[in-house]
Asks: 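I'd like to ask some things about the structure below.
Naming: A, B, ... by sequence-line order, numbering from 1 per chain.
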Amino acid sequence: MVAGDPRAFLPLSPSGFYILLALSAEERHGYSIAKEVEEATEGTVRLGPGTLYRLIKQMVTDGWIVEVDRVDSEDPRRRYYRLTPWGTRVARAEAERLYNAVRTAVDRKLLSARAFA
Amino acid sequence: MNLWLRLVLLLAPREFRDHYGAQIAAQEDTVRLGDLFDLAVTGLRLRWDDFVRDVSYALRRLRAAPLFVGIVVLTFALGIGANVAVFSVLNAVVLKPLPFKNADGIVIIEGSSSGAVPISHLSLADPLDMRSLPAFAATSGLDDDGGTMLVQKKPFAISGFDVIPDYFAILGITAQLGRVLEPSDSNPGVHNIVISDAIWHRDFAADPNVIGETVRVNGVPERIVGVLHPNQPSLSADDGFDPQDYYAALPEHATLEDRDHRFLDGIARLAPGATIASANAQLRLLSSRLQKQYPEENFRWNLSVASSRSVILGGASSVLWMIFAAVIGILLIACANVGNLLGARWSTRDRELAVRRALGASSRRIGAQLLVEAGLLALVGALFGVALAYGGLHVLAALLANALPRASTIHIDALSLLYAAAVLVAATLLAGLTPMLSLGSPDLHTVLKAAGRGGDASSRHRLRSALVVLEIALALALVIISGLTVRSFVDLINTPLGIRPNGVTTSNFTMLPGQNLGTLAERAAMQRDLLARLQALPGVQAAALTAQYPLGPLSSRTSAPVFGRTYPIGSVPHAAANNITPKYFGVLGIPLLRGRSFTVADTMDSAPVAIVNETFVRRFLLGTNPIGARIRAAGWNGTLTRWATIVGVFGDERDHLTQPPYPEYFVPMAQSPSAFTSAIVYAPAVESAVIAREMQTAFKATLPTVEPPDTYTVAQLVENHTAQERFTAILLGTLALIALALALSGIYGVVAFSVTQRSREFGVRIAHGATARNILADVLRRTLSTTAVGAAIGLVVAAIAARAIASQLGSMSPFDPATFATVIALVFVSAVLASLHPALRATRIQPVDALRYE
């Protein structure tokens, strides 16, 4: 399953992309992912528990992330997730897609080059 | 955990809940209202995704098995279609309220004599007598009428009621133009009528100035005072809800003689707060008071009321509930069949299912897939079924219209579709749950081990057999009930009527035209002319005129005392009276037993004569020579009541299929010309359609201002009288055949599957010297024992059902041994035939092939 061109999955939904971003630096449990996404987007993207776990479930099924064997010291009910190499490739592909889109916007003078830098 | 969170989580599929519920609960402190909403939407979305996946999976699987799909869809279509059609009929005819305002308060008045002669019709005096009782807000009587309406010299055939004007208040009927009839319309000399919307359109081009216009109804000038609303139903115990073309008023005053002349249907409205029981209590007191006041006329005469619903719909209701039970039985058989087919299909996937379970698919998901597959098949079956019901009701429309009241209101409506949806869900669950039970939860290990053996797990075999037992039981019961119904119907239509069955054509009665129904001389002249024309028709061997003909719409019963005898009060002879021309008995082939028939010499100027039937003699003249005795012959419509001398005795004719012949006397039409007449002719060599046309031509020639009457052969008369029985017999017979066919296909399917499952066993046995006969006997023995168990249960069901419908079987015993024996034999023989093909296949199994099977 973990093969082929990750661009086949693009574009990702914003929520999905932000979850992958939240997991790019470190493994996190679900609630921490939601908090991280909310902070990173200055509150514009809020993941409700339903949306969050539905996306997590789908990503686990697709092999983008895995559940890790780690017990949380605060609350043993929490589960931690980690990005797989395949998930990393998908996230990277989406980032490249967005990067290209923004460059086009700059070329067309929609954005100033300064803001982009 | 937060209660709301827990509830909302229930919306999500179990797998999701099991896996993520704890994590979600871990963050319950931060859960907001929006999060609950988000969870709810997610739960439903996940379930929907599962459902869509199951549907596309099922579609893929089904596309690979077109034969299976075809059989199952056809089975479901028959089961669901029969249900929808019968439910639509039941709903329109029985379940819907009567088409009148506050219909619960409307009751039918019934009269019965506790003496020798039961009479169900009322005299004009009865509803008028009842007016004094506080239990009734209004009472009315009505009489079937009809004939010809002359509008600007053009004749139109019409049907109508003569009513006591409270009829309209009782039913809440109002006029769209003008007014309905009022008590003043009953006064002598007033001739006012109201007409239906249909007549207003057909004969008056919806002219708004029709009010006040005068038309001739059967020769009498009548003033139109009102036009009723479109499709206004009527109400009478005899005619149900048939819309009438016009209504005229009956007098609201009864003479002493009227008390004895009983021909009306009665309806009444209960006063607010009164019940049928309280009304009947008051009627008992009134009846006994009237019996004292009119000891002769009201002798043992008891009035009572019954719910209009039960009187008018009672017969149809019991028939339709019986047929409804039959289609429920068919649905169960269909579901059992499909259940077995699905079970066989899924059990061959044991290995795949076990592997999937091992990979984490829950039994619940696999069960859901099975249900989705059953549901899809049922859905397609239901679509075809509704189409089948729609077509079926169209095909049966004529049959229904004759057999059931308000049949014109039968449609597949929203409620029928709702019912179809309910049946669809029930069928899915019934057909899907049985194979689910048999799927059980074998683990991978047992299945892989068992698969090599090629045997059928015995618990599953038991379940499949149980379903076949159920099918056989239901089918056997249905076939027995329908067999009883069909046989009683055949008995009924073959009831000896006392008249010749072939070659006779009768015309419906026609009112003779003329002011106040014409003078006696005018009537006699018209009748002479009409009879001469009928007699002269080519091919007619004999012709006669009669006021009433056997199985016709009219019957007048009256007292007919014998001269010189005194009777204790209440035992005065009661007989049917008829006016006929001389060849009446010759046309109908009724044998002369004593004396003579009427002749042309019996005229207005000769001595009054009469003829009586055999039953009259047996009941009232036993032990004496009837010839020469005198009886009092009643006169109506201007003819005189006179003592007439009996000159002849003829054999009995039957007026009703289900009742024994009634005492009857006849007087010559020439001596007592009736105001209306029917024609009967015997023309054995002429086709009935030809003679019908010729008879109508004769009527037109004699009575140019009268619409010529309809004509009937004796077979048609019998058919008209047995419409409901015919409908029941045809429908139940068809349903029983469907049930039997489904049950046989169920037997075939199970035996075929079991032979396939046991092919290895058979192969081994054949290799060890078992003969074809041994194998055949083995398979057939299983079939026969299953059939025997099913038949035993079916017999019990049939016996209970037969007892319940005993009243509808006429003179036939509900436990008629011939029917029971025939049906049991039929079921066993067809069960053996159904299993013969797979059984023979078992005998041809090659040991080598069977061993190579896995």
Asks: Listed by chain and number, what are the side chain to side chain contact (heavy atoms under 4.5 Å, CB included) partners of Ala426(B), not counting sequence neighbours?
Replies: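 In terms of side chain to side chain contact (heavy atoms under 4.5 Å, CB included), with neighbours along the sequence ignored, Ala426(B) is linked to no residue.
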Asks: Of all of Arg77(A), His29(A), Glu74(A), which one pairs up most often with chain B through heavy atoms under 4.5 Å apart?
Replies: Arg77(A)
Asks: What residues of residues 32-46 of chain B make heavy-atom contacts with chain A at a cutoff under 4.5 angstrom?
Replies: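 Counting heavy atoms that sit under 4.5 Å from chain A, the residues of residues 32-46 of chain B involved are Arg32(B), Asp35(B), Asp38(B), Leu39(B), Thr42(B), Arg45(B), Leu46(B).
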Asks: State the NE2-OH distance between His19(B) and Tyr53(A), to the nearest 0.5 angstrom.
Replies: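 Atom-to-atom, His19(B):NE2 and Tyr53(A):OH are 10.5 Å apart.
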Asks: Return the minimal non-hydrogen interatomic distance between Arg78(A) and Ala26(B), and the atom names on each side.
Replies: CG-CB, 4.3 Å
Asks: What is the distance from atom OH of Tyr80(A) to atom CD of Gln23(B), rounded to the nearest 0.5 Å?
Replies: 10.5 Å
Asks: Are more than 12 heavy atoms from other residues, nucleotides or ligands located less than 6.0 Å from atom CZ of Phe384(B)?
Replies: no
Asks: Quick one: pull up CD1 in Ile56(A) and OH in Tyr20(B) and give me the separation to the nearest 0.5 Å.
Replies: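 Nearest 0.5 Å value for the CD1-OH distance: 6.5 Å.
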Asks: Can you confirm whether more than 12 heavy atoms, excluding those of Asp69(A), are under 6.0 Å from its CG atom?
Replies: no
Asks: Might you point out which heavy atoms bring Arg54(A) and Phe16(B) nearest each other, and give the distance in Å?
Replies: N-CE1, 3.9 Å
